[in-house]
Amino acid sequence: IFPMDLIGPIGGQHFSMALHTTSAAIPLIERSRRVALSSVPAEQISIAYELGKNHNKADLHWSQIPFELTTSPVFGLPIPKFALVVRELDVEGVRALGSHKLFICRTRANQIRSQGLQLSFVHGFYEARRQNSVPLIPATRTA
């Protein structure tokens with residue numbers, strides 16, 4: 001259980017996620033080919049930051065988790081009981097991309113569990129561009 005670095009839908013039932021190549025979770029994800037992503041309520045920000053240290057742990061003792069767990073509906077994977085949305089994914093492909101591993105997944109289930117503000121993080125570079133309305137990709141001219 002750890003925060004995911006880069007995630008997002010890529011069309012239809014497909015979803016992408018990426019982890020830094022040093023993440024101890026990568027071999028487990030590559031072997032199991034299954035992931036349960038949980039949307040964290042904004043008020044749980046301190047817990048999300050605390051879970052960041054789990055990126056480099058090869059093992060995890062469930063008794064050390066500082067919140068109540070339940071299981072995902074399809075895969076039966078442990079998830080936070082407070083999760084707003086749980087998306088269960090089958091990993092269809094893995095690609096090494098520099099400092100990250102990219103996982104291409106297909107959504108198996110998407111369960112909305114409750115309503116609320118969802119926590120998300122945006123890199124400062126992208127936020128600065130968003131604030132200044134500067135496009136990430138320069139516009140091209142057509143004659």
Side-chain angles (χ1 to χ4, degrees), residues 1-140:
I1 292 182
F2 56 89
M4 184 64 69
D5 287 355
L6 304 164
I7 62 170
I10 54 175
Q13 291 294 312
H14 284 88
F15 203 84
S16 68
M17 56 185 200
L19 283 172
H20 199 277
T21 55
T22 59
S23 176
I26 287 176
L28 177 61
I29 295 170
E30 289 177 325
R31 281 193 314 272
S32 71
R33 311 296 281 190
R34 291 181 170 178
V35 175
L37 294 178
S38 303
S39 296
V40 175
E43 62 268 11
Q44 301 293 352
I45 189 169
S46 61
I47 288 175
Y49 273 112
E50 182 69 20
L51 291 175
K53 67 184 178 192
N54 292 341
H55 273 286
N56 298 317
K57 287 187 175 182
D59 63 344
L60 181 67
H61 299 283
W62 297 116
S63 62
Q64 296 175 339
I65 301 295
F67 48 83
E68 197 172 344
L69 296 171
T70 188
T71 56
S72 65
V74 176
F75 298 150
L77 296 172
I79 57 169
K81 194 165 190 171
F82 57 67
L84 299 173
V85 176
V86 176
R87 177 175 280 137
E88 293 178 273
L89 306 169
D90 288 310
V91 176
E92 293 186 340
V94 182
R95 303 283 186 274
L97 295 175
S99 63
H100 284 74
K101 278 240 178 155
L102 175 68
F103 297 88
I104 305 298
C105 306
R106 180 178 294 276
T107 302
R108 173 82 72 88
N110 191 34
Q111 181 188 48
I112 298 171
R113 301 169 52 89
S114 63
Q115 300 294 318
L117 295 176
Q118 177 182 319
L119 180 63
S120 64
F121 293 93
V122 177
H123 190 281
F125 170 80
Y126 296 107
E127 178 61 12
R129 285 189 172 263
R130 190 185 72 77
Q131 291 290 332
N132 294 322
S133 299
V134 177
L136 291 174
I137 301 170
T140 56

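Here, residue 1 is the first one in the sequence, and each next residue gets the next number. In this text, all values refer to a predicted model and were calculated from it rather than measured experimentally.
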Nearest heavy-atom pair of Phe67 and Pro80: which atoms, and what distance? CE1-CB, 3.6 Å

Output the distance between atom NE2 (His14) and atom CD1 (Ile104), rounded to the nearest 0.5 Å. 8.0 Å

Nearest 0.5 angstrom please: Ser38 OG to Gln111 CD, how far? 10.0 Å

When rounded to the nearest 0.5 angstrom, what distance separates CZ in Phe15 from CD1 in Ile10? 9.0 Å

Give a yes or no on whether the backbone of Leu19 and the side-chain of Ser23 come within a donor-acceptor separation of less than 3.5 Å. no

Main-chain N/O of Leu77 paired with Ser72 side-chain donor or acceptor, under 3.5 Å: yes

Would you call Arg108 and Arg34 a side-chain contact if the rule is heavy atoms closer than 4.5 Å? yes

I'd like to check Glu92 versus Phe103 (side-chain heavy atoms, cut-off strictly below 4.5 Å). Are they in contact? no

Any heavy-atom pair between the side chains of Ile29 and Val35 that's under 4.5 Å? yes

Starting at CG of Leu89, measure out to CG of Leu37 and round the result to the nearest 0.5 Å. 5.0 Å

Taking side chain as C-beta onward, heavy atoms only, is Thr71 less than 4.5 Å from Lys81? no

Leu84 and Ile112, any side-chain heavy atoms less than 4.5 Å apart: no

Looking at Arg106 and Asp90, is there a salt bridge between them, counting it only when a charged N and a carboxylate O are closer than 4.0 Å? no

Mark yes when over 12 heavy atoms from residues, nucleotides or ligands other than Arg95 sit less than 6.0 Å from its CZ; otherwise mark no. no

Nearest heavy-atom pair of Arg33 and Gly93: which atoms, and what distance? NH2-N, 3.9 Å

Taking side chain as C-beta onward, heavy atoms only, is Met17 less than 4.5 Å from Cys105? yes

Just by distance, do the side chain of Glu88 and the backbone of Val74 share a donor-acceptor pair under 3.5 Å? yes

Are Thr70 and Arg113 close enough that some pair of their side-chain heavy atoms sits under 4.5 Å apart? yes

Tell me whether Thr21 contacts the main-chain N or O of Lys101 through its side chain, where contact means a donor paired with an acceptor under 3.5 Å. no

Closest non-hydrogen contact found for His20 with Ile26 is O-CD1, 3.3 Å

